[in-house]
Amino acid sequence: MAHIVIMGAGIGGMPTAYELKAKLGNNHQITVVNTVDYFQFVPSNPWLAVGWSKREKITFPIRPYLERKGINFVAQPVTKIDADQNTLQLANGQNLNYDYLVITTGPKLSFDEVPGSGPHGGHTHSICTVDHAEKTWEAYQELLEEPGPVIIGAMPGASCFGPAYEFTFIVNTDLRKKKIRNKVPITYVTSEPYIGHLGLGGVGDSKGMLESEYRNNDIKWITNAKVTKVEAGKMFVAEHDMQGNLLKEHELPFKFSMMLPAFKGVDPVAAVEGLCNPRGFVLIDEHQRSKKYRNIFSAGVCVAIPPVEVTPIPTGAPKTGYMIESMVTAIAHNIEADLTGKVADAKGTWNAICLADMGNTAAVFVALPQIPPRNVNWIKKGRWVHWAKIAFEKYFIYKMKKGNTEPVYEKYVLKAMGIEKLD
């Protein structure tokens, strides 16, 4: 009997556990290890940060749902991976041996790369975790009491830009509903070379559409922006041209700021010799397998994917839901194949699909594949996307509680867009 350990219980880790269980049954042991004892649906954090949702709607305890399926659960941080001895060391002193390790930890949030940033001793807020979103909501209440300038955006090296756009539009809509938008100037500050780049080199006419939406909603922007430091109520931003030359240095005042950080690999993963690139992201082959350790697989934000293109200020490539879903399915297939002496030949996809809320409407971005040239490359906006995102949240959480393994994107999202099959 093999022991498969999954490190991380988020949007990648929980589905991996369920898919492996469905394929392997009781013939092998599966254990999930996670830093905290609850699941959080991260895509809904922008709503939580303005009070449009509640923590209890987008979180639930992990243990009862995994154990109901015969999957072990350990709520402990991993402090070290001994890849040569196939062992995890946990914060409580426990050692956990494995035959296969699946790394789905998500990222380390690198607030330390910009002095004065982040919610832990810094002056900006985040929506990257449910805890951060709740702290952002608290700061947002102070803004409502004493309106003033708002800065939202992404730091140098960021790769997940969709939530920053979402939060900008959501804040804009909420302030209008409260009839104080006229008291709150909003500036979007981003390392992207232009509005709508998204870390993808643009998708369809994302540049034109998002620029138009920002103009129509009185949202200013600074692109090719390198935030150099943040002080209380002031952000220092170096704006560059497309050749990387310094154009202007800004000192932007703010009352409230939410800035997405750059990502790195989590410390115990990044520390394993030969497992990761210099940023700590897991180096994998086309079958989601470590290039050095043949019994280690990885999926999600923690894997190494090169940027779509070189930009004047560094930007990374996002890992979206459909991409993660396909990676998970490939891992489950390949571990089953390995255990039965078959060829582990399943491949994940680098196709990007993103549902982005815009307050009172929403947009869907589709880039198939993620790196141009593409077979499908479009963006569509409509109220239906807003409702689709709400439905997606409810269904995904339901799926995680039930242990359902059906592919959400392939079965529902793609078909809703008239895409029946992807090669």
Side-chain angles (χ1 to χ4, degrees), residues 6-20 22-23 32 34 39-45 58 62 101-109 128-129 158-163 166 198-200 203 260 263 265-266 269 281-290 296-306 308 316-335 346-356 364-371 388-389 392-393 395-400 403-414 419 422:
I6 300 164
M7 187 177 163
I11 289 175
M14 289 279 281
T16 301
Y18 289 137
E19 290 207 27
L20 281 167
K23 286 183 174 296
V32 175
N34 198 54
F39 173 88
Q40 53 184 301
F41 188 70
V42 173
S44 292
N45 285 345
I58 61 173
I62 294 170
L101 176 64
V102 182
I103 300 172
T104 57
T105 57
K108 175 182 178 179
L109 307 175
C128 295
T129 71
S159 56
C160 188
F161 298 95
E166 285 189 293
L198 300 166
L200 294 168
V203 180
L260 298 178
F263 292 165
V266 300
V269 175
F281 294 114
V282 181
L283 295 165
I284 55 171
D285 63 17
E286 59 184 351
H287 305 298
Q288 305 300 132
R289 200 169 205 159
S290 165
I296 296 180
F297 293 79
S298 187
V301 179
C302 57
V303 303
I305 292 181
V308 169
K319 290 99 171 182
T320 61
Y322 176 68
M323 186 187 301
I324 296 172
E325 181 179 272
S326 73
M327 290 178 179
V328 164
T329 298
I331 288 173
H333 173 93
N334 290 335
I335 289 178
K347 300 178 183 180
T349 178
W350 285 5
N351 293 317
I353 300 172
C354 179
L355 302 174
V364 57
F365 304 85
V366 183
L368 313 177
Q370 179 164 285
I371 297 176
K389 179 151 187 174
F392 179 73
E393 171 202 276
Y395 180 73
F396 195 92
I397 291 174
Y398 166 81
K399 171 181 168 175
M400 291 301 95
N404 189 337
T405 61
E406 72 175 358
V408 178
Y409 280 88
E410 192 139 332
K411 186 166 184 179
Y412 295 108
V413 179
L414 290 172
I419 302 171
L422 295 177

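Heads up: numbering here begins at 1 and tracks the sequence.
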To check you understand the geometry: which heavy-atom pair defines the closest contact between [X] and [Y], and what is its length?
| X | Y | result |
| --- | --- | --- |
| G12 | I324 | CA-CG2, 3.9 Å |
| P306 | A317 | O-CB, 3.7 Å |
| A332 | K23 | O-CD, 3.6 Å |
| V269 | V282 | CG1-CG2, 3.7 Å |
| M323 | N351 | CB-O, 3.6 Å |
| C160 | L260 | O-CD1, 2.9 Å |

**A22: partners by side-chain contact (heavy atoms from CB on, under 4.5 Å), with sequence neighbours left out** =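 side-chain contact (heavy atoms from CB on, under 4.5 Å) check on A22 returns T405.
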Got [X] and [Y] here, is their nearest side-chain heavy-atom distance under 4.5 Å?
| X | Y | answer |
| --- | --- | --- |
| C128 | N45 | no |
| V366 | Y322 | no |
| F396 | P15 | yes |
| E393 | K389 | no |
| L200 | C354 | no |
| M327 | V303 | yes |
| T349 | P369 | no |

**Asked** Which residues pass the ring-ring contact (aromatic ring centres under 6.0 Å, His included) test with F365, sequence neighbours left out?
**Response**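 By the ring-ring contact (aromatic ring centres under 6.0 Å, His included) rule, F365 matches no residue at all.
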**Prompt:** Should the pair K319 and F281 be classed as cation-pi, given the thresholds of under 6.0 Å to the six-membered ring centre and 45° from the axis?
**Reply:**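 Cation-pi check for K319 and F281: passes.
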**Request:** Working to the nearest 0.5 Å, report the span between CD1 of I6 and CD1 of I335.
**Result:**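 Here the rounded value is 7.5 Å.
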**Asked** Do M14 and I62 pass the side-chain contact (heavy atoms from CB on, under 4.5 Å) test, and can you show the C-alpha distance, the side-chain angles, and the key distance before you say yes or no?
**Response** CA-CA 9 Å; M14 289 279 281; I62 294 170; 3.9 Å; yes
